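Notes to accompany the following structure.
Heads up: numbering here begins at 1 and tracks the sequence. Start at 1 and go down the list; that is how both ligands and their atoms are numbered. Since we're looking at a predicted model, the values are computed, not measured.
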Amino acid sequence: MENLKKSILLSIRNLHVYYYTPDGVVKAVSGVDLDVYHGEILALVGESGCGKTTLGYSILNLVPPPGRIVSGSIIFEGRDLTRLSRKELDEIRGKEITMIFQDPMASLNPVFRIGDQMIDVVVHKLRVDKAEARKIVLNALKAVRLPNPEEIMHRYPHELSGGMLQRVVIAMAISTKPKLVIADEPTTALDVTIQAAILKLLVELAREINTTVILITHNMGVVAEVADRVAVMYAGHIIEVGNVFDVFSKPLHPYTKGLLSCVPRVDIEVEALPTIGGDVPSLINPPPGCRFHPRCPYASEKCRREEPPMIEAEPDHFVKCWLYAKR
Ligand code: SF4
């Protein structure tokens, strides 16, 4: 996407999100800076526990206890979301910013019919009457290509398959024509054969209504197919950001290189896929300096001591690694 830089929708600055557990303070997100542009599909990727879901939840102030945003800002259209009251946030949630969770049942009430609960959301968020809300809901269900949408509206969630439920949830997420959709591993619970189809559908619908999507995933294959840009997270830091072509064709950070080398490819036959050596570090006592240094084959004394800054190594391709610092 061109000229994205000119049109920032969301700007995260120096964000710190911690969980206060009995074992200690888990620093899930530490000093993250990230811009998200109007109309783009941004993939937020990394291993489990890297902080990507916490970062996504922070945007709508949905970090579950014992977690909380400790410092930093999240500017959305001129307003800092970290400083809004509950009422002000409720105006934005579900209308200007919507969320798709891993488990579709997190967004659906099992005791109400699909249509009734979707209509309620649209009436409440868009302040339209029931008849208008019904039209909006029906159109959204048609858009996600559910067969017999009129009939689906009369069903209860338990009467639909996982794939159909996720389509309903996508319909809910786009029915208010939000400016931003945050999708947290939206197809993880589904059969692999329908994962790609559902993600492509989400992206296609988002593009039709010019909605920005933050797609949280660990599936690099999916990212290559649907994203415009990629932000890679490791141990609470964003360590590489760039457009999808640059990151996939020329990854810069040693961790991103490792992550991509673990992705199976149909054009190359290998006996076993490589893995990244070592363990994901504890976020209660993260390693000093570069957090990847215990696993990095290029680690130097400086890496063990000093945290690297984010460096624009190539135009619009940023990396948090001392290897790219100008001497
Ligand atoms: Fe490896 Fe050093 Fe770069 Fe970290 S800063 S990724 S340890 S070379």
Between T53 and D184, a side-chain donor and acceptor under 3.5 Å: yes
Distance-only criterion, 3.5 Å: show the donor-acceptor pairs between side-chain atoms of residues 248-255 and protein atoms not counting sequence neighbours.
unit_1 : atom_1 : unit_2 : atom_2 : d
S249   : OG     : F245   : O      : 2.7
K250   : NZ     : E314   : OE2    : 2.6
H253   : ND1    : Y255   : N      : 2.9
H253   : NE2    : K320   : O      : 3.3
Y255   : OH     : E47    : N      : 3.3
Y255   : OH     : E47    : OE1    : 3.0

Are the side chain of R167 and the backbone N or O of L146 linked by a donor-acceptor pair below 3.5 Å?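 No.
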If we only look closer than 2.8 Å, how many protein N, O or S atoms does atom 2 (Fe) of ligand 1 have near it? 1
E240 vs V247, test: side-chain contact (heavy atoms from CB on, under 4.5 Å). Steps then yes/no. CA-CA 8 Å; E240 183 159 357; V247 173; 4.3 Å; yes
Note, N14 side chain near S71 side chain (heavy atom, < 4.5 Å):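 SC-SC contact between N14 and S71 ruled out.
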At their closest point, which heavy atom of M153 faces which heavy atom of I119, and how far apart are they? CE-CD1, 3.9 Å
What's the verdict on side-chain contact (heavy atoms from CB on, under 4.5 Å) for E208 and L205, showing C-alpha distance, side-chain angles and the deciding distance? CA-CA 5 Å; E208 267 171 32; L205 295 173; 4.0 Å; yes
Heavy-atom distances under 4.0 Å decide this one: backbone, side chain, both or neither, for K320 against ligand 1?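 Within the 4.0 Å criterion, K320 makes no contact with ligand 1.
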Pull out every atom of ligand 1 sitting under 4.0 Å from any heavy atom of H253, numbered as shown with elements.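 Listed by number with element: 6 (S).
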